[in-house]
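Worksheet: the structure to be examined is printed underneath.
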Amino acid sequence: MVHFKNRYMVMEAFIDTAGKGQSDPLILTQLNSTKAIRDSIQINFGECGLAACLGSLQVKYVNPITKLCVIRVSREDHQKVWAAITMVRSIGKIPVSFNLRDVSGSIRACKKAALECEEAKFEYYKLAAGDRITPKFVETMESCFNKD
């Protein structure tokens, strides 16, 4: 039996800018999502908990449109990191919450799960937007599907 040393998690971010008077909507990036996760690990598991995770924790992929992230962490620390991610309440001053969509021992399986979720969201966006969807938006989404 093969034991993978890393776990890959597909996380979906839910960003709440309604009703908070936020002038600038949050654009989800690798940098701000990594900072939010690290801060949550430190708050909830202390300096030692954060230090244990830093060697393997990496936000591998973020789609700012569908709000999906792929996060890599060691097998030993994935439950701690998962717990910390679910306790993230904001990025900056913008309220946010995360939901686990998939966890896997390989990046390939995680990418497949992320792609399936993104394609479903894209179809939903196309239906919801109807004729208001722009060619630039379609091009941006399709470029996300073609990333390796």
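Values below: all heavy atoms of this structure, side chains included; hydrogens, waters and symmetry mates excluded. Counting from 1, the numbers follow the sequence of the chain as shown.
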[X] vs [Y] side-chain heavy atoms within contact, under 4.5 Å:
X: L68; Y: M11; answer: no
X: R75; Y: N6; answer: no
X: V70; Y: I107; answer: yes
X: V62; Y: T29; answer: no

task = Report, as yes or no, whether the 6.0 Å neighbourhood of atom CG on L54 holds more than 12 heavy atoms from other residues, nucleotides or ligands.
result =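 Yes, CG of L54 has more than 12 neighbouring heavy atoms, counting only those of other groups under 6.0 Å.
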May I ask you to decide if [Y]'s main-chain N or O and [X]'s side chain share a donor-acceptor pair within less than 3.5 Å?
X: N32; Y: I27; value: yes
X: S90; Y: P95; value: no
X: D77; Y: K80; value: no
X: S40; Y: A36; value: no

request  = Return each pair, listed once, that meets salt bridge (Lys or Arg N to Asp or Glu O under 4.0 Å) where at least one residue sits in residues 38-56; pairs must be two or more places apart or across chains.
outcome  = K35-D39
message = Restricting to salt bridge (charged side-chain N to carboxylate O under 4.0 Å, His left out), what partner residues turn up for E76, sequence neighbours left out?
response = none
Grab the two heavy atoms, one from [X] and one from [Y], that are nearest each other, plus how far apart they are.
X: C110; Y: Y8; value: SG-O, 3.2 Å
X: V10; Y: A113; value: CG2-CB, 4.5 Å
X: S74; Y: S56; value: N-OG, 2.8 Å

[X] side, atom [atom1]; [Y] side, atom [atom2] - distance, nearest 0.5 Å:
X: K67; Y: C117; atom1: NZ; atom2: SG; answer: 13.0 Å
X: I94; Y: D16; atom1: CD1; atom2: CG; answer: 9.0 Å
X: T34; Y: K60; atom1: OG1; atom2: NZ; answer: 11.5 Å
X: R7; Y: W82; atom1: CZ; atom2: CH2; answer: 11.5 Å
X: E119; Y: T66; atom1: CD; atom2: OG1; answer: 11.0 Å
X: M9; Y: Q79; atom1: CE; atom2: CD; answer: 10.0 Å

message = Is there a path of hydrophobic side-chain contacts, each under 4.5 Å between heavy atoms of I/L/V/M/F/W/Y residues, joining L28 to L100?
response = yes
key: Of all pairs that satisfy side chain to side chain donor-acceptor pair (under 3.5 Å), the ones with a partner from residues 94-105, not counting sequence neighbours   = E12-R101
